[in-house]
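Atoms considered below: every heavy atom in the structure, side chains included; atoms not considered: hydrogens, waters and symmetry mates. Atoms within each ligand, like the ligands themselves, are counted from 1 in listed order.
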Amino acid sequence: MGNVIEIRHLTKYYGRFFRQKKVPAVSDLTLDIPEGTVFGFLGPNGAGKTTTIRLLMDLIKPTDGEALVLGYPPDNIEIKRQIGFLPDAPAFSSYLSANEFLNICAKLLGIPSTTRKSRIAEVLEIVKMTKHAKSKLGGFSRGMVQRIGIAQAILNRPKLLILDEPLVGLDPHGRQELKEIILNQKADGTNVFFCSHILSDVEKICDHLGILADGRLLCTGTLEELLSGTGTRLHINPGHDEIAKMLLSDANETIKLSNGAWELTFSNQQEDGKRLAEIKKQYGEAVMLTRVRENLEDFFFRKIAEATQSKNVNQSGLNPDDVQREA
Ligand SMILES: Nc1ncnc2c1ncn2[C@@H]1O[C@H](COP(=O)(O)OP(=O)(O)O)[C@@H](O)[C@H]1O
Ligand SMILES: [Mg+2]
């Protein structure tokens with residue numbers, strides 16, 4: 001399986017010569033995005049997500065490094081035919097109706113006149129905007145504009161959808177529907193790369209994740225890889241306090257439930273693992289071992305904290321409040 005996006009040492013300084021800005025918006029970014037994924041690019045406000053997307057879309061040029069999108073360099077015209085793009089805060093001409101706007105987009109994409117009309121009807125159906133087809137974009141709510149934005153992005157049945165903060169500014173119902181639209185695109189075989197500063201969106205939609213802060217990639221991998229295996233939990237059935245007592249001093253967290261059962265949590269050290277396996281062998285049914293899955297929020301803030309610590313002083317100006325936990 002190939003990669004839909006390959007990024008090597010990508011670096012972008014804005015206004016370097018005029019303002020002598022010393023901090024790059026994107027710094028030595030190297031990242032592969034495998035085919036068949038919904039990739040969530042997560043980071044606080046100002047992390048460099050939009051800059052990365054602009055570089056991939058050839059809207060700005062890198063200071064250094066390079067990228068391949070569907071195997072092509074960003075300035076290759078072929079990419080435009082094969083991807084769909086939703087910019088952050090899209091603004092469309094308010095005097096056009098949804099139909100007229102999509103018709104222009106379809107023409108620009110080179111969709112033949114014989115299929116244009118039916119394809120537009122199809123995408124309006126997908127984003128649940130059929131009944132607004134003839135309404136002017138100027139009268140649309142933020143959520144409706146976002147849907148039309150998705151509609152234009154999927155018109156040409158793209159191999160890759162690049163979405164910049166697709167769920168920002170939507171109410172909970174609108175977010176839910178847009179998430180479903182994105183997941184349906186994935187089910188239809190479209191690769192999705194989207195960025196967000198909202199943790200819950202990423203956790204629910206994507207299967208791969210990259211965390212960006214201060215222009216640097218902190219980690220990347222599958223959600224499963226990144227969040228699994230931070231520890232082990234031992235559940236001890238009621239009536240076996242002797243097992244709990246043996247382990248209490250070594251556990252990270254101990255909880256005695258009202259029914260007399262125990263929940264002991266151990267961090268991910270190998271000796272713990274071995275010891276717990278022995279306990280399981282010895283006590284069989286009386287105990288149960290499970291892996292502890294870290295939630296994305298804990299993982300995210302741990303990564304940001306580690307990055308800040310490793311810089312020793314917090315020069316980053318990173319503010320955890322710039323990241324929304326739940327919208
Ligand atoms: N056109 C620009 N000129 C100068 N600085 C910019 C420009 N666009 C973004 N920046 C800066 O680059 C950094 C990254 O911004 P951006 O890519 O928009 O982050 P994100 O999308 O993750 O919120 C920020 O410090 C921002 O202020
Ligand atoms: Mg942005």
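- Atoms of ligand 1 lying under 4.0 Å from any heavy atom of Asn45, numbered from 1 in the order shown and given with element: 23 (O).
- Taken from CG in Leu218 to CD1 in Ile211, the straight-line distance is 6.5 Å, to the nearest 0.5 Å.
- With a heavy-atom cut-off of 4.0 Å, Arg54 touches ligand 1 through its side chain alone.
- Put simply, SG on Cys105 and CZ on Arg116 are 11.5 Å apart, with the number rounded to the nearest 0.5 Å.
- Two residues are said to be in side-chain contact when any heavy atoms from C-beta on lie closer than 4.5 Å; Thr220 and His208 fail this criterion.
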Might you work through the salt bridge (charged side-chain N to carboxylate O under 4.0 Å, His left out) test for Lys186 and Asp207, ending with a clear yes or no? CA-CA 11 Å; Lys186 187 200 173 183; Asp207 42 56; 2.5 Å; yes
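- Taking distance alone, with nitrogen or oxygen atoms compared against 3.5 Å, Thr51 approaches ligand 1 more closely than that limit.
- Of the polar atoms of Gly46, at least one N or O is found under 3.5 Å from an N or O of ligand 1, judged by distance alone.
- Selection from Ala25, Ala47, Gly43 by nearest heavy atom to atom 12 (O) of ligand 1 gives Ala25.
- Here is the list of ligand 1 atoms found below 4.0 Å of a heavy atom in Thr50: 17 (O), 18 (O), 20 (P), 21 (O).
- By the 30° and 60° cut-offs, the orientation of the rings of Phe101 relative to Phe92 is tilted.
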Evaluate salt bridge (charged side-chain N to carboxylate O under 4.0 Å, His left out) for Asp88 paired with Lys49, printing each intermediate quantity in order. CA-CA 10 Å; Asp88 68 338; Lys49 304 178 298 291; over 6 Å; no
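- Only backbone heavy atoms of Pro44 (N, CA, C or O) come within less than 4.0 Å of ligand 1; its side chain stays farther off.
- Residue contact check for ligand 1: Gly215 places no non-hydrogen atom closer than 4.0 Å to it.
- At least one N/O/S atom of Thr50, from backbone or side chain, sits under 2.8 Å from the Mg ion (ligand 2).
- How far NZ of Lys107 is from CG of Leu155: 13.0 Å, rounded to the nearest 0.5 Å.
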